[in-house]
Structures are given as structure tokens and as C-alpha cells.
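Got a structure here, written out as C-alpha cells. Questions coming.
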Amino acid sequence: MIVSWNTTNACNMYCQHCYRDAGAKADEELNTVEGKALITEIAKAGFKIMIFSGGEPLMRPDIIELVAHAKSKGLRPVFGTNGTLITLEMAKRLKTAGALAIGISLDSVDVAKHDRFRATPGAWQGAVQGMRNCRQAGLPFQIHTTVVDWNYAEVETLTDFAIKEGALAHHTFFLVPTGRAVNIEQETLKAEQYEKLLHRIMTKQQQVAIELKPTCAPQFMRIAKQLGVKMRFSKGCLAGTGYCIISPKGIVQPCAYLNIPAGNVRETPFSEIWRDNAVFNRLRNQPLQGGCGTCDYQKICGGCRARAYYYHGDYMAEEPWCLYHGRKGY
């Protein structure tokens with residue numbers, strides 16, 4: 001199971017697609033003592049992988065202490081970061097504290113396009129230097145790419161770039177309109193592009209040694225099976241079943257893009273929220289609706305619950321970007 005903690009809303013960038021609408025530090029973010037208590041509860045709840053994200057997690061002055069605490073509790077600490085604050089010294093400190101892998105965002109091989117999307121001059125160079133610092137420190141890293149219409153054609157080129165830089169994986173994130181991303185909803189991929197790109201990624205996976213994983217595109221599991229591509233994953237969408245996210249203020253929700261509060265760790269221990277909350281139990285136990293509910297692949301795909309909620313107002317509705325929708329003989 002995987003949990004992501006948005007450790008802070010503070011960020012040194014102002015990305016167009018940020019689901020957290022990050023920038024300035026939020027009032028009443030969890031402090032160090034509360035953060036350590038949360039980490040202890042996460043381990044108690046049975047989670048194995050803990051993602052430190054943001055905002056920009058490296059803007060927290062206590063981040064090394066928090067990583068070390070997570071490691072001491074038996075968790076596998078990993079990061080989601082823009083990479084620009086990863087100096088060689090920071091990479092070494094993170095590795096020593098117990099960080100096992102760093103996910104660094106890179107959305108284009110074109111410097112200007114990436115910097116424009118991230119609204120920060122020098123963002124591309126900073127991210128790539130962060131990768132190289134990780135590599136020099138012996139800290140494994142992977143590249144994270146948010147896919148929209150303008151970088152749709154260069155996903156495989158980014159995979160090749162990841163291999164060249166020594167990344168262990170290339171994960172592609174399919175945009176869900178939440179946070180600031182609602183302002184660029186017109187740039188999101190729609191059903192036909194979505195399906196074609198997943199086929200392209202799974203075909204590329206057959207050609208390269210590093211891991212390629214689409215995120216917020218659970219249909220990749222169906223396509224992988226159809227193409228005979230072996231994956232280490234058991235299901236596409238894990239929202240509320242094997243994954244959840246915690247905000248800087250301690251609010252728990254099923255995933256980053258499904259903005260439905262399931263509780264606050266300042267009021268209820270995280271392990272109890274994860275075990276007992278009605279939203280989580282509905283996601284785990286109630287049948288999916290529409291085409292997702294009749295689909296042969298529902299157990300390994302699950303459809304994107306956040307996208308269903310955004311377009312249909314019900315997170316149990318069918319995935320709106322799926323071309324398959326349970327059709328036979330597809």
C-alpha cells in the first residue's frame with residue numbers, strides 16, 4: 001500500500017497544473033511532532049511506501065528528520081519533487097536518512113516548454129541537475145511527466161531521455177482537472193488520444209529495460225494484458241483501496257485528484273480513518289457503475305475514480321475517458 005503526504009503547500013514554482021494550488025506555505029501545516037505521529041500511524045495502518053510530496057517537500061526544514069523517522073518505522077520513503085533543490089549535498093543527506101528513490105518532474109525535452117508549464121525560468125535545467133546529483137550520490141531517481149496535448153507526441157522521447165540520464169523508471173501522469181489544472185482542462189487528453197498513448201507506452205515498455213507506468217490512467221492494465229506486457233502492478237486505480245493522500249493540514253482523501261475529505265488526522269488517528277471512513281469503504285465494497293461495473297477488466301483497472309467524479313459528480317460512475325467500457329471483442 002502507498003500513502004502520499006503533501007508535507008507543505010510551499011513551493012518555489014507555480015505550475016499550471018498543480019492540484020494543490022501550491023505556492024505559499026499554508027497556515028497550520030502539520031508541525032514536526034504531528035508529522036512524526038502521522039508517520040507512526042501510517043506504519044500502524046499497514047502501509048509500506050510513503051511518498052513525501054508537496055508543494056515542494058524539500059522546502060520543509062525538517063524533511064531529513066521526517067524521512068529518517070519514516071525509515072525507522074519500517075516505511076520505504078520516496079519523493080515527488082520538482083528536483084531543483086536537490087544539490088549534491090541534499091542528495092547525499094536524503095540517501096543517508098533513508099530515502100530510497102526520488103521522482104523528479106520533467107514534462108518536455110524542450111527547455112522552454114517545460115519552464116513555461118512550470119512558470120519558472122531555469123526549471124528544466126534545475127530538474128536535470130537534480131537528477132545528475134542523485135545519480136552521483138547513488139540515490140535512485142525516476143522521471144515524472146504530466147501528459148497534456150502539447151507534449152503528447154514526445155512521451156517516448158522523454159523515456160529515451162530518462163534512460164540516457166540513468167533513471168530507473170519513467171512515470172506518466174494523465175492530467176485530472178483539479179486545483180489549478182481546471183484552468184487548462186482544454187489541454188487534457190480525451191478518449192481516443194488517451195487510448196492511443198497507453199498503447200504507445202505499453203509498446204515502448206516492450207522495448208526498454210526501465211519501468212514505464214501511466215498514473216491516473218488505469219486502463220494501462222487492460223492494454224498491458226491485451227498486448228502481453230508483464231507488469232508488477234495488480235490494479236490500475238488504487239484510490240481508497242491501496243492508496244490515499246494527506247494534505248499539509250492533515251486532511252485525508254482517497255487520491256490527490258479526488259477532493260473528498262475522509263477525515264483529519266488532528267481529530268482522528270490516521271489508522272482509524274483508513275479503516276473506518278465511509279468514503280474508503282464505499283470505494284472498497286460497492287460496485288462500480290456504468291461500463292466500469294460490467295467490464296471484464298474492472299478488477300485490474302477500476303477506472304479513474306477522480307475523473308469519474310469530475311465529469312459525472314459520482315466517484316463510482318464509469319470512467320469518462322475509456323473507449324472500452326466493457327465492450328466484448330474489443
Side-chain angles (χ1 to χ4, degrees), residues 1-2 49 101 103 105-109 140-176 187-239 241-243 255 257 288 290-308 311 317-330:
M1 297 195 301
I2 306 170
I49 299 174
S105 298
L106 196 75
D107 304 304
S108 179
V109 292
F141 72 92
Q142 59 192 48
I143 289 181
H144 293 169
T145 299
T146 296
V147 182
V148 285
D149 57 1
W150 56 262
N151 64 356
Y152 170 77
E154 62 174 300
V155 172
E156 293 93 335
T157 304
L158 278 159
T159 295
D160 293 337
F161 183 86
I163 294 168
K164 176 176 174 288
E165 291 296 327
L168 59 86
H170 181 206
H171 289 196
T172 46
F173 290 73
F174 285 60
L175 190 70
V176 179
E187 296 181 15
T188 60
L189 305 183
K190 297 305 185 283
E192 187 173 348
Q193 281 185 311
Y194 184 92
E195 184 85 5
K196 287 181 178 178
L197 182 54
L198 289 176
H199 275 271
R200 284 167 46 197
I201 293 170
M202 290 298 99
T203 299
K204 185 72 170 178
Q205 180 66 91
Q206 294 173 309
Q207 303 165 2
V208 300
I210 70 170
E211 177 183 277
L212 307 184
K213 181 185 181 294
T215 298
C216 295
Q219 292 79 10
F220 84 89
M221 290 293 291
R222 163 177 56 83
I223 292 169
K225 187 170 184 179
Q226 291 170 336
L227 295 178
V229 180
K230 293 183 179 180
M231 306 294 288
R232 67 180 176 90
F233 311 100
S234 58
K235 187 179 179 184
C237 181
L238 299 177
T241 60
Y243 172 82
C255 83
Y257 310 104
L288 299 175
C292 287
T294 60
C295 182
D296 293 340
Y297 295 98
Q298 64 173 291
K299 289 185 178 180
I300 63 169
C301 171
C304 177
R305 298 301 94 216
R307 201 168 285 117
Y311 289 101
E318 72 178 27
E319 156 74 73
W321 285 7
C322 182
L323 288 180
Y324 186 76
H325 280 165
R327 286 182 289 163
K328 306 293 183 182
Y330 182 82

Q: Give the intermediate values and the outcome of side chain to side chain contact (heavy atoms under 4.5 Å, CB included) for residues Gln207 and Thr203.
A: CA-CA 7 Å; Gln207 303 165 2; Thr203 299; 3.7 Å; yes
Q) Just by distance, do the side chain of Glu318 and the backbone of Gly291 share a donor-acceptor pair under 3.5 Å? A) yes
Q) Do Tyr243 and Cys255 come within less than 4.5 Å of each other through their side chains, counting heavy atoms only? A) yes
Q) Is the NZ or CZ atom of Lys213 both under 6.0 Å from the centre of the six-membered ring of Phe233 and within 45° of that ring's axis? A) yes
Q.
With rounding to the nearest 0.5 angstrom, report the CG to CD distance, Leu212 to Gln142.
A. 11.0 Å
Q.
When you compare the side chain of Glu165 with that of Phe141, does any pair of heavy atoms fall below 4.5 Å?
A. yes
Q. Do Ser105 and Phe173 touch side chain to side chain, with heavy atoms closer than 4.5 Å?
A. no
Q | Where Ala317 and Ala308 come nearest, the two heavy atoms and their spacing | A | O-CB, 3.5 Å
Q | Heavy-atom closest contact (Tyr194 atom, Ala217 atom, distance) | A | OH-CA, 3.0 Å
Q | Exercise: identify the closest heavy-atom pair between Leu168 and Ile210 | A | O-CB, 3.5 Å
Q. Are Tyr324 and Asp296 side-chain neighbours, meaning at least one heavy-atom pair lies under 4.5 Å?
A. yes
**Q.** Sub-4.5 Å side-chain heavy-atom contact between Arg200 and Tyr152
**A.** yes
Q | For Pro214, the option from Met221, Gln219, Met202 that meets side-chain contact (heavy atoms from CB on, under 4.5 Å) | A | Met202
Q: For the pair Met1 and Leu238, evaluate side chain to side chain contact (heavy atoms under 4.5 Å, CB included) and give the outcome as yes or no after the intermediate values.
A: CA-CA 9 Å; Met1 297 195 301; Leu238 299 177; over 6 Å; no
Q.
Is the shortest side-chain heavy-atom distance between Arg222 and Cys322 below 4.5 Å?
A. yes
Q. Does the side chain of Cys301 reach to within under 4.5 Å of the side chain of Pro218, using non-hydrogen atoms?
A. yes
Q: Kindly determine whether Arg305 and Cys292 satisfy side chain to side chain contact (heavy atoms under 4.5 Å, CB included), including the steps that lead there.
A: CA-CA 10 Å; Arg305 298 301 94 216; Cys292 287; 3.6 Å; yes
**Q.** Check against side chain to side chain contact (heavy atoms under 4.5 Å, CB included), Phe220 and Gln205
**A.** CA-CA 11 Å; Phe220 84 89; Gln205 180 66 91; over 6 Å; no
(Q) Among residues at least two apart in sequence or on other chains, which ones pass ring-ring contact (aromatic ring centres under 6.0 Å, His included) with His170? (A) none
Q | Sequence-distant partners of Lys235, salt bridge (charged side-chain N to carboxylate O under 4.0 Å, His left out), two or more places apart | A | none
Q: State, with a plain yes or no, whether a side-chain heavy atom of His171 is found less than 4.5 Å away from one of Glu211.
A: yes
Q. Quick check: does any side chain N or O of Thr145 sit under 3.5 Å from a backbone N or O of Asp107, one acting as donor and the other as acceptor?
A. no
Q.
On a heavy-atom basis, which atom in Glu154 and which in Ser108 lie closest, and how many Å separate them?
A. OE2-OG, 2.9 Å
